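The basis for the numbers below is simple: all heavy atoms, side chains too, and nothing from hydrogens, waters or symmetry mates. Not measured: the values here are computed from a predicted model.
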Amino acid sequence: MRNRTPGYGPRRLTIVLLILAGGGAMPVLSGCADSTYASPEGKSPPYILKEGCTFSIIGENGRAGVGSPKVTGMAAENASASTSFGEYSITVSNCTLIENSHDLPVFED
């Protein structure tokens, strides 16, 4: 039998990052980047709406949103969060949209 001592090894760190990416508690949110987009006024869904550091896929019958984590000292790919709405999906990191499955237009509220 192996003697296991509690700690934050690679396996536990991976679990913590998966929880953060899944929309769990995100105590590491920080300021947003200086990206500006046009207003969604009068635009038809589907599109992406940026509200602060929260990005939402706006569809005909609802929306799905995700807050953007910002972690210092780690590569952006390791601190990203994703959401999907129907066939559309987005991934965000450091208050920036890093993946947009259908190249939906991005607007800001």
Side-chain angles (χ1 to χ4, degrees):
M1 289 198 134
R2 282 177 42 184
N3 180 14
R4 295 184 181 215
T5 56
Y8 290 97
R11 184 178 211 163
R12 184 167 284 179
L13 182 59
T14 300
I15 293 169
V16 168
L17 289 174
L18 287 173
I19 290 170
L20 289 175
M26 288 193 275
V28 290
L29 292 179
S30 185
C32 297
D34 286 332
S35 298
T36 58
Y37 303 97
S39 169
E41 190 174 319
K43 302 298 181 186
S44 298
Y47 60 85
I48 297 169
L49 179 62
K50 180 181 185 285
E51 299 169 291
C53 282
T54 299
F55 291 80
S56 300
I57 301 171
I58 308 297
E60 292 287 335
N61 299 315
R63 68 192 285 166
V66 62
S68 177
K70 182 169 183 177
V71 179
T72 58
M74 295 178 67
E77 305 86 50
N78 292 332
S80 61
S82 301
T83 191
S84 60
F85 185 79
E87 64 186 281
Y88 308 107
S89 65
I90 57 173
T91 302
V92 296
S93 180
N94 294 320
C95 205
T96 303
L97 185 65
I98 60 174
E99 185 179 323
N100 179 353
S101 68
H102 286 75
D103 293 321
L104 295 174
V106 181
F107 300 102
E108 190 166 19
D109 192 20

Subject >> Reported OG-to-CD1 distance for the pair Ser82 and Ile90, which is rounded to 0.5 angstrom >> reply: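 That separation rounds to 8.0 Å.
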Subject >> OG1 on Thr96 to CZ on Phe55, rounded to 0.5 Å >> reply: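 Here the interatomic distance stands at 6.0 Å.
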Show the nearest heavy-atom pair for residues [X] and [Y], with the distance to one decimal.
| X | Y | result |
| --- | --- | --- |
| Ser68 | Cys95 | OG-N, 2.6 Å |
| Ile98 | Ser80 | CD1-CB, 4.0 Å |
| Val106 | Asn100 | CG2-ND2, 4.5 Å |
| Glu108 | Leu49 | C-CD1, 4.0 Å |
| Pro46 | Tyr88 | CG-OH, 3.4 Å |
| Pro69 | Ala79 | CG-O, 3.2 Å |

**OP:** Output all residues satisfying side chain to side chain donor-acceptor pair (under 3.5 Å) with Glu87, sequence neighbours left out; order by chain, then residue number.
**Re:**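 So Glu87 forms a side chain to side chain donor-acceptor pair (under 3.5 Å) with His102.
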Subject >> Residues forming a side chain to side chain donor-acceptor pair (under 3.5 Å) with Ser56, sequence neighbours excluded >> reply: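 So Ser56 forms a side chain to side chain donor-acceptor pair (under 3.5 Å) with Arg63.
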Subject >> Residues forming a salt bridge (charged side-chain N to carboxylate O under 4.0 Å, His left out) with Glu99, sequence neighbours excluded >> reply: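 By the salt bridge (charged side-chain N to carboxylate O under 4.0 Å, His left out) rule, Glu99 matches no residue at all.
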Subject >> Partner residues of Tyr47 under the ring pair (Phe, Tyr, Trp, His ring centres under 6.0 Å) criterion, sequence neighbours left out >> reply: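 Expected list: Phe107.
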Original post:
Any sub-3.5 Å donor-acceptor pair from Thr54's side-chain atoms to Gly52's backbone N or O?
Top reply: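 Pair absent, no side-chain N/O of Thr54 close to backbone of Gly52.
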Original post:
Would a hydrophobic clustering, with Ile, Leu, Val, Met, Phe, Trp and Tyr connected at side-chain separations under 4.5 Å, put Leu104 with Val66?
Top reply: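 Yes, one cluster joins them.
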**OP:** Find out if a path of hydrophobic residues (ILVMFWY) with successive side-chain heavy-atom gaps under 4.5 Å connects Phe85 to Val92.
**Re:**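 In one cluster with Phe85: Val92, yes.
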